Every structure is written in C-alpha cells, then in structure tokens.
Asker: 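First the structure, which I've put down as structure tokens, then a few questions once you've had a look.
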Amino acid sequence: MGDPERKTALYDAFARTGKALSSGKRLELLDLLAQGERTVDALAKAAALNLTTASAHLQTLKQAGLVTTRRDGVRVHYRLAGDDVAALYALLRTVAQAHQASVEPARTAYLGTPQAEEVSREDLLARARSGEIVVLDVRPAEEYAAGHIPGALSIPVTELADRIAELPDDTEVVAYCRGAYCVLAYEAVRLLHDRGRAAVRLTDGMLEWRLAGLPVAAGSAA
C-alpha cells in the first residue's frame, strides 16, 4: 500500500503547482510571459499591477518552478520555465471553458460576440503562401520582436487607426495577437471593419502557434 505520509507529501508537492495557478493575475502574468521574456517593470505595467504586487506574484510562480529568472545589471528578467508551462496554462483554459459555466459569459463580456468568420492556423498558412491575405500582428512591438508568424506585419492595435494606410486596401487582413482569449485582435478587426476593410481574426494566437510547433520568426519590424 505504500507509506501514507510519503504519498501525502507527493500529492502536496503536486498541489503547490495548483496553488501557484490559483490567481487570475498570476495566470495573466504567465500569458504575458508566453509571448517572451520580460522584466518585472514591464510585466507590472502590462498586467496593471504595482511593482510590489507583481514581484510577489512572480516569486510565487518562481517558487513553484513555473518561471525562471536572469539578471542583467539591476534588472531581473522573467521567462517561462519551459514550453510545458505554456501548454499547462493553455490546457487549464481549455478545461475551464469546457466545464465551468461562468467562463463563456465572462469571455463574451470581455471579448464580445464571436465574429462570424475566423481563420484557422492551417488556412492562414495556405492563404499566406498564395498571397491571398496580409497577416497582421497587433501585439506590442516588443512581443512581435520576441517571436511572430513569419511574414507578418507589425502594427500594434494602439497605432492601427493612424497607420491603416500601411495595409493594402485590396487584400483581406488576418489579425492575430497573444492567443485565443486576447482582446487585441478582436479590437483590430472591429476597427478595420469600421474603416471598410476586409478583415478576420486568427482563431487563436501566438501561444497556440508556438505550442503547435509552427515556424516562428524573431526580430523587430523593418
């Protein structure tokens, strides 16, 4: 039957990971880190947290082994401990969506009603190769530089209204952002529609693209 105390210790060790994931803000920090390495200051700003609170959440994630750090002078940079952490975060969302009734109304309240047409990763690859579409990355520039879909243009959603002329007006735009629950691509598609442009959203985003093992390019926009 085994030693009950050792069995309890084993399951308690598993539970420490669960406890580290039991905060919406910590999940948001994982979502941001799935886009690439960031400093504490950058994470605090992106997650709308003060520096002390962000640091405390990151320490909890680090103690659970979900993130690692490196120091560059006085700056501390955080990154996910591995692709398996990103996969765990993605699976948690999928399970919650499937089994928790409160997720769907919360998703709709945040993202809005799902758009009638979306593009799968497979369709995006096929249509991009044939030149049928323009692939548009609407995440912040630093996230684009950390990793993006090859050939994608970078126009952060906060700049899109002023830079819309950079997009060809006779080609459909496929916008993407961080992942399936990221609002940025939804906002970009709505803006493009309001300006009379043909645009759809990638079904998910960069998180799922990476987890699928699809090609990723790095570097800033030209």
Side-chain angles (χ1 to χ4, degrees), residues 24-25 27-28 31-32 34-36 38 42-43 45-49 90 93-94 96-97 102-210 212 214-217 219-222:
K25 277 299 180 183
L27 293 180
E28 186 177 350
D31 186 55
L32 291 166
Q35 308 302 309
R38 293 200 188 199
L43 287 165
K45 182 178 179 180
L49 294 168
R93 298 182 321 179
T94 300
Q97 176 82 44
S102 62
V103 171
E104 183 56 26
R107 189 206 67 77
T108 301
Y110 177 54
L111 299 175
T113 303
Q115 285 137 2
E117 185 181 352
E118 297 176 339
V119 173
S120 69
R121 295 189 295 269
E122 294 76 16
D123 286 343
L124 182 147
L125 284 168
R127 295 175 66 186
R129 290 191 194 104
S130 66
E132 295 177 25
I133 58 171
V134 172
V135 183
L136 178 63
D137 187 317
V138 297
R139 298 173 299 157
E142 63 269 22
E143 296 181 20
Y144 176 90
H148 55 268
I149 295 174
L153 300 179
S154 173
I155 304 181
V157 71
T158 53
E159 303 173 15
L160 185 55
D162 294 328
R163 296 176 58 189
I164 197 168
E166 296 177 28
L167 298 170
D169 57 12
D170 58 351
T171 307
E172 185 174 53
V173 173
V174 177
Y176 76 90
C177 53
R178 292 166 181 153
Y181 298 87
C182 175
V183 75
L184 304 180
Y186 283 86
E187 292 177 347
V189 169
R190 292 185 190 110
L191 188 153
L192 289 166
H193 284 171
D194 288 345
R195 300 295 181 89
R197 299 297 189 96
V200 295
R201 189 182 69 87
L202 179 63
T203 305
D204 38 50
M206 202 62 213
L207 169 63
E208 295 83 1
W209 186 275
R210 286 180 183 273
L214 293 170
V216 174
S220 301

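Note that these values count all heavy atoms, side chains included, but never hydrogens, waters or copies made by symmetry. Not measured: the values here are computed from a predicted model.
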Asker: With salt bridge (Lys or Arg N to Asp or Glu O under 4.0 Å) as the test, would you mind laying out the steps for R93 and E208 before giving the verdict?
Answerer: CA-CA 12 Å; R93 298 182 321 179; E208 295 83 1; 2.6 Å; yes

Asker: Are E172 and R197 within salt-bridge range, i.e. N to O under 4.0 Å?
Answerer: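 A salt bridge is absent here (no side-chain N lies under 4.0 Å from a carboxylate O).
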
Asker: Pair up each side-chain donor or acceptor in residues 177-184 with any protein partner under 3.5 Å, not counting sequence neighbours, and list the distances.
Answerer:
{"from": "R178", "atom 1": "NE", "to": "E143", "atom 2": "OE1", "distance (Å)": "3.0"}
{"from": "R178", "atom 1": "NE", "to": "E143", "atom 2": "OE2", "distance (Å)": "3.1"}
{"from": "R178", "atom 1": "NH2", "to": "E143", "atom 2": "OE2", "distance (Å)": "2.6"}
{"from": "Y181", "atom 1": "OH", "to": "Q97", "atom 2": "OE1", "distance (Å)": "2.8"}

Asker: Given side chains that start at C-beta, do those of V173 and V200 come closer than 4.5 Å, heavy atoms only?
Answerer: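 Side-chain contact under 4.5 Å: no.
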
Asker: Please enumerate all residues that pass side-chain contact (heavy atoms from CB on, under 4.5 Å) together with D123, with sequence neighbours excluded.
Answerer: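 With neighbours one apart ignored, the set is V119, S120.
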
Asker: Please round to the nearest 0.5 Å and tell me the distance separating atom CD of E159 and atom CG of D162.
Answerer: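 Atom-to-atom, E159:CD and D162:CG are 8.0 Å apart.
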
Asker: If I take atom CD from residue E118 and atom CG from residue L202, how far apart are they, to the nearest 0.5 angstrom?
Answerer: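 Taking CD in E118 and CG in L202, the distance rounds to 8.5 Å.
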
Asker: So which atom in P215 and which in W209 form the shortest heavy-atom distance, rounded to 0.1 Å?
Answerer: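 Shortest heavy-atom contact: O-NE1, 2.7 Å.
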
Asker: Output, in order, the C-alpha distance, side-chain angles, deciding distance and verdict of salt bridge (Lys or Arg N to Asp or Glu O under 4.0 Å) for E166 and R163.
Answerer: CA-CA 6 Å; E166 296 177 28; R163 296 176 58 189; 2.9 Å; yes

Asker: Measure across L160 and I155 and return the closest heavy-atom pair with its distance rounded to 0.1 Å.
Answerer: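 Closest pair (atom of L160, atom of I155, distance): CA-CG2, 3.8 Å.
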
Asker: If you define the side chain from C-beta out and look only at heavy atoms, does anything of L153 sit under 4.5 Å from V135?
Answerer: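 They are not in side-chain contact.
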
Asker: Check whether any side-chain heavy atom of V174 sits under 4.5 Å from a side-chain heavy atom of V134, and report yes or no.
Answerer: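 With C-beta onward as the side chain, the pair stays apart.
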
Asker: Do I164 and L192 have side-chain heavy atoms sitting under 4.5 Å apart?
Answerer: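 Yes, side chains in contact.
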
Asker: Do Y176 and D137 touch side chain to side chain, with heavy atoms closer than 4.5 Å?
Answerer: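 Yes - at least one pair of side-chain heavy atoms lies under 4.5 Å apart.
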
Asker: Charged N to carboxylate O below 4.0 Å: is that the case for K25 and E28?
Answerer: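 Judged by the 4.0 Å cut-off on N to carboxylate O distance, K25 and E28 do form a salt bridge.
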
Asker: Are the side chains of M206 and I149 in touch, meaning some heavy atoms are under 4.5 Å apart?
Answerer: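 Answer yes - side chains close enough.
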
Asker: Are T203 and L124 side-chain neighbours, meaning at least one heavy-atom pair lies under 4.5 Å?
Answerer: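 Of all side-chain heavy-atom pairs linking L124 with T203, none is under 4.5 Å.
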
Asker: Evaluate the side-chain proximity of V216 to R210: yes if any heavy-atom separation is below 4.5 Å, no if none is.
Answerer: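 Yes. Closest side-chain heavy atoms under 4.5 Å.
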
